[in-house]
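Heads up, the thing below is written out as structure tokens.
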Amino acid sequence: MVEEIGVIHAIEQCDNQQIIVVETRIKSTCGSCEAQSNCATGSIAKVFATKREMLRFKMNDIVEVGQKVSLGIPEENLLKASAMVYCLPLLALVVSALLGQSLLPLVGLGAEVWLIFFSAICSYLTFRFVRRYLSSSDQGEFYPRILKVFPLEIDNIHIKQV
């Protein structure tokens, strides 16, 4: 299970259901490398602000804004989604190039530019299909789940009388 800590950003009521909006920060791996002081990539990564992702969850428990939650997604689902995003468009590129090489000359488009254009369009459409499929599985197997809700941290200032 790949886990991440998020913070409850907002609580909404929709059709007698409580929907919480959880904010997570997308982290760069450059911050944890030993060679970051000598690396140009690490310097460039520091310039750009950290990106934030807002996720929506249905929840019946009583929670408050500012409370931390643990989110998780199984490794198998993450690997499936990664394979779909990276491998399917690449496979579409190869298959469309092979098909286009034999079919495009039959319709009078024998130039190599048409083959490149056809392969690029097929790859792009495959990527869009995969993206739509993964985003339509909202609350499905590729969407993270709330694993744990942490208690609200209250900053108590203890005053010691002398």
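It should be emphasised that the depicted structure is a prediction, and the values quoted were computed from it without experimental measurement.
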Cluster link Val22 to Val149, ILVMFWY, side chain under 4.5 Å: yes
Locate the shortest heavy-atom distance separating Ile73 from Pro144; write the atom from each residue and the value. CB-CA, 4.3 Å
Distance check, rounded to the nearest 0.5 Å: Ile8 atom CD1 versus Ile20 atom CD1? 4.5 Å
For atom CD1 of Ile62, is the number of surrounding heavy atoms from other residues, nucleotides or ligands below 6.0 Å larger than 12? no
Heavy atoms of Gly100 and Pro105 approach each other most closely as O-CD, 3.6 Å
Measure the CZ-CD distance between Arg145 and Glu3 for me, rounded to the nearest 0.5 Å. 13.5 Å
Got more than 12 heavy atoms from elsewhere within 6.0 Å of NZ, Lys148? no
Under the 3.5 angstrom rule, does the side chain of Glu23 hit a backbone N or O of Glu53 as a donor-acceptor pair? no
Calculate, to the nearest 0.5 Å, the distance between atoms CZ and OH belonging to Phe127 and Tyr86 respectively. 9.0 Å
Determine whether Leu103 and Leu109 fall in the same hydrophobic cluster, where Ile, Leu, Val, Met, Phe, Trp and Tyr are linked whenever their side-chain heavy atoms lie under 4.5 Å apart. no
So does Phe150 get a backbone contact from the side chain of Gln67, meaning a donor-acceptor N/O pair under 3.5 Å? yes
When you group the ILVMFWY residues by side-chain heavy-atom contacts below 4.5 Å and let the links chain together, are Val69 and Leu55 in the same group? yes
Once you measure the plane-to-plane angle for Trp114 and Phe117, does it fall in the parallel (<30°), tilted (30-60°) or perpendicular (>60°) bin? perpendicular
Looking at CE of Met1 and OG of Ser70, how far apart are the two atoms once the value is rounded to the nearest 0.5 Å? 9.0 Å
Can you establish whether the number of heavy atoms outside Glu112 located under 6.0 Å from its atom CD is more than 12? no
CG of Leu90 to OG of Ser123, rounded to nearest 0.5 Å, is 7.5 Å
Among the clusters formed by ILVMFWY side chains lying less than 4.5 Å apart, do Val130 and Leu79 turn up in the same one? no
Once you round to the nearest 0.5 Å, how far does CG of Leu134 lie from OH of Tyr143? 13.0 Å
Verify, without hydrogens or angle tests, whether Ser119 (side chain) and Ile116 (backbone) share a donor-acceptor contact under 3.5 angstrom. no
Does the pair Glu4/Arg25 count as a salt bridge with the N-to-O cut at 4.0 Å? no
Side chains of Met54 and His9: does their closest heavy-atom pair fall under 4.5 Å? yes
Are Met59 and Ile11 linked, directly or through other ILVMFWY residues, by side chains that come within less than 4.5 angstrom of each other? yes
Under a 3.5 Å distance rule, please check whether Glu12 uses its side chain to pair with a backbone N or O of Ile19 as donor and acceptor. no
Close side-chain approach of Phe57 and Leu71, heavy atoms under 4.5 Å: yes
Using only atom types and a distance under 3.5 Å, with no angle test, would you say the side chain of Gln101 pairs donor to acceptor with the backbone of Leu98? no
